[in-house]
**Q** 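Submitted below is the structure of interest, expressed as structure tokens.
Reminder, nothing fancy here: chain letters follow the sequence lines and each chain counts from 1.
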Number of protein chains: 2
Amino acid sequence: MSDGASDLIEAGAQPQGGERRRGIDRVIMLLEALLRHRAPVRVGDLAKMIGAPRSTTYEIVNSLLEAEMLETVGSEGYVYFGRSMHLFGWAYSHHNAHYRRILETLDKMAAETGETVQLCGLRGHKYVVLDCRDSPGPFRISSDVGVEVPIPWTASGRLLVGHMSEAELKSFIPADDYKLPDGRAIAPQDFFRDVEQARLQGFSETSALADRFTWCMAAPIRDGHGAINRTLCFVLPVDTPEPRRNQLLDLLRERAKGLSLAGG
Amino acid sequence: MSDGASDLIEAGAQPQGGERRRGIDRVIMLLEALLRHRAPVRVGDLAKMIGAPRSTTYEIVNSLLEAEMLETVGSEGYVYFGRSMHLFGWAYSHHNAHYRRILETLDKMAAETGETVQLCGLRGHKYVVLDCRDSPGPFRISSDVGVEVPIPWTASGRLLVGHMSEAELKSFIPADDYKLPDGRAIAPQDFFRDVEQARLQGFSETSALADRFTWCMAAPIRDGHGAINRTLCFVLPVDTPEPRRNQLLDLLRERAKGLSLAGG
DNA sequence: TTAGTTCGTCCGATATTTCAGACATAGTGT
DNA sequence: ACACTATGTCTGAAATATCGGACGAACTAA
């Protein structure tokens, strides 16, 4: 009472130097840092990447190593994801028949067309590739599974946010995400119109948008309520002839529809 | 005396009621319990399965849900592995032991130029990518590390066989390898001339060869005897402007030379 | 209605975990 | 040789996350 302990409520407003975090949160930050980095990392660097003390990081890493959620790589103290992660992830992607059916379709479409096929979705406020089958050529157009990409850069993104109003879109998508990697910017109004169009026509296409050499086409996979959680997507060379594109688009829409659960 | 409070020191031998555990350990137990169960579980049951208090379990589950390491299934409070697990597991299973052999130069060049950089070599009678740094865009031109590709399809291949005579080349390279993926065929004589030219000028370039959308340039990394075992290589979009190509070629040759062991 | 579940949330206390820093060791470059 | 940096381990102390338990709500079965 004497020392105004009642103000304690307000005390820690600013996260200042001596910040103490929960182990669980450290674990989450650590795993996402590893995912972003996409290569083994030394513990010291990991500590910097997640802004944690070295001693804490060692403690956490050792726990995760023991659980095989991480494993050491090489002999110089590098660590990366471990076997348990593979098992957990496998469990996730096979736990329901629907997802398995989607993966089978992915395989089949890749085999039939020889093109790159992707399954896409949202993760937080970004677009991610959830799984993919790359075209068989020695050089391919592809993007890494799990890497977060701004929604406006992608055809799938336009479908995945189709249920949102313009106001919702404005608050959902970071302003910076309208800037393309080559410096160009997409006008938000144009993007909103694209989203509207994608919703009406039931598919979305982009050409040379995030890149100069890709033509992307996406079709929605709807859940039982008609909502779009996933999209099926072709990533083609931008110079693919129009007749072939149309043919592929038809296939894509048909397969995506076949995977949708919406009755009706 | 009745309850022997003084024996408290010894009390905890048996893992009895008042056991307090670290959040991280709870997380690990929780995930392994889910894996064993192989189906979505309600939070209350999860608490029993891992022997944790309900309140703690809710706390932990909510953290993991927020991180998408878990996700709710159905509308009755069931949870199971989430999307992040899939991404972590994918990263694990696509992480190949060779990735550890990354050269600093590769990192630096990729960072400086933003282009796709590869380290290439021969494996048997084929060309392989030994390591690579991909350009940062969401879609990229790339090829899989370790996948064998016919030597005549690549710029690096022209350098890597530079020490062979025409007769040696004829027996070294399978006849089928002159056929490109799109059906065209390279005339062996043209290829031999390319190899000769690459040897004389100390680099090699190909455009739209194995693909319609790539421009490849390769420069030799020589071992202590001056032999070419490895090449450094840019994989560019085929429409990269010539001035930039020249600039990148200069950089490539300089760095490759810097990595060469051949004494002056 | 009453009695019995389970759910999800909230609270205060304390046993525990995070943290900063020290330490010996190993590696690098001048 | 030297200075400099990074690694992996330990330690004590303080901040706090875990815990037990309580609470209202929703549901079931009499």
**Q** When you measure from the side chain of B:S84 to the backbone of B:A67, do you find a donor-acceptor pair of N or O atoms at a distance under 3.5 Å?
**A** yes
**Q** Any residue in residues 47-57 of chain B with a heavy atom nearer than 4.0 angstrom to DNA chain C? Just list them by number, or reply none.
**A**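 Output list: B:R54, B:S55.
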**Q** Nearest-Å distance, CG (B:D25) to P (C:dA15)?
**A** 19 Å
**Q** Could you check how far CD of A:E59 sits from C1' of D:dT7, rounded to whole Å?
**A**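 One finds 17 Å between C1' of D:dT7 and CD of A:E59, rounded.
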**Q** Can you tell me whether the side chain of A:R22 and the base of D:dA17 have a donor-acceptor pair closer than 3.5 Å?
**A**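 When only heavy-atom distances are counted, A:R22 does not reach the base of D:dA17 through any donor-acceptor pair under 3.5 Å.
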**Q** Can you list every pair that meets side-chain hydrogen bond (donor to acceptor under 3.5 Å, both in side chains) and has a residue in residues 161-177 of chain A, with sequence neighbours left out?
**A** A:K126-A:D177, A:S165-A:E168, A:E166-A:Q189
**Q** Kindly assign one of parallel, tilted or perpendicular to the pair B:H86 and A:Y99, based on the angle between their ring planes and the thresholds 30° and 60°.
**A**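 Taking A:Y99 first and then B:H86, their aromatic rings stand perpendicular (interplane angle over 60°).
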**Q** Does any pair with a residue in residues 68-86 of chain B pass salt bridge (Lys or Arg N to Asp or Glu O under 4.0 Å), and if so which ones, sequence neighbours excluded?
**A** none
**Q** Mark yes when over 12 heavy atoms from residues, nucleotides or ligands other than A:R21 sit less than 6.0 Å from its CZ; otherwise mark no.
**A**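 No, the 6.0 Å shell around CZ holds no more than 12 heavy atoms from other groups.
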**Q** Reading DNA chain C from 5' onward, which residue's closest nucleotide shows up sooner: A:I24 or B:D45?
**A**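 Closer to the 5' end of DNA chain C: B:D45.
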**Q** Given the structure, check if the side chain of A:R20 and the base of D:dT16 hold any donor-acceptor pair shorter than 3.5 Å.
**A** no
**Q** May I have the list of side-chain donor-acceptor pairs in residues 42-55 of chain A shorter than 3.5 Å, sequence neighbours left out?
**A**
unit_1: A:R42; atom_1: NE; unit_2: A:Y78; atom_2: OH; d: 3.4
unit_1: A:R42; atom_1: NH2; unit_2: A:D45; atom_2: OD2; d: 3.4

**Q** Rounding to a whole Å, what distance do you find between B:Y78:OH and C:dG8:P?
**A** 11 Å
**Q** Can you tell me how the ring of B:F81 sits relative to the ring of A:F88, calling it parallel under 30°, perpendicular over 60° and tilted otherwise?
**A** parallel
**Q** In whole Å, what is the span from the CG atom of A:N62 to the P atom of D:dG8?
**A** 9 Å
**Q** By nearest atom, which of the nucleotides C:dC7, D:dC19, D:dG8 is closest to the B:R21 side chain?
**A** D:dC19
**Q** Rounded to the Å, how far apart are A:R42 CZ and D:dG8 P?
**A**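 For the pair A:R42 CZ and D:dG8 P, the rounded distance is 9 Å.
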**Q** List the steps, then state whether side-chain contact (heavy atoms from CB on, under 4.5 Å) holds for A:N62 with A:L65.
**A** CA-CA 5 Å; A:N62 285 333; A:L65 284 173; 3.9 Å; yes
**Q** Five pairs at each end of the helix from C:dT1-D:dA30 to C:dT30-D:dA1: take the axis at both ends and give me the angle between them to 10°.
**A**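 Comparing the axis at each end, I get an angle of 40°.
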**Q** Calculate the interatomic distance between A:E76 atom CD and C:dA26 atom C1'; express it in whole Å.
**A**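 Whole-Å distance recorded here is 11 Å.
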**Q** Between A:R26 and C:dC19, is there a contact of a side-chain N or O with OP1 or OP2 at under 4.0 Å?
**A** yes
**Q** Between A:M29 (CE) and C:dT18 (C1'), how many Å, whole number?
**A** 12 Å
**Q** Considering only distance and modelled atom types, tabulate donor-acceptor pairs under 3.5 Å from the side chains of residues 24-34 of chain A, sequence neighbours left out.
**A**
unit_1: A:E32; atom_1: OE2; unit_2: A:R123; atom_2: NH2; d: 2.6

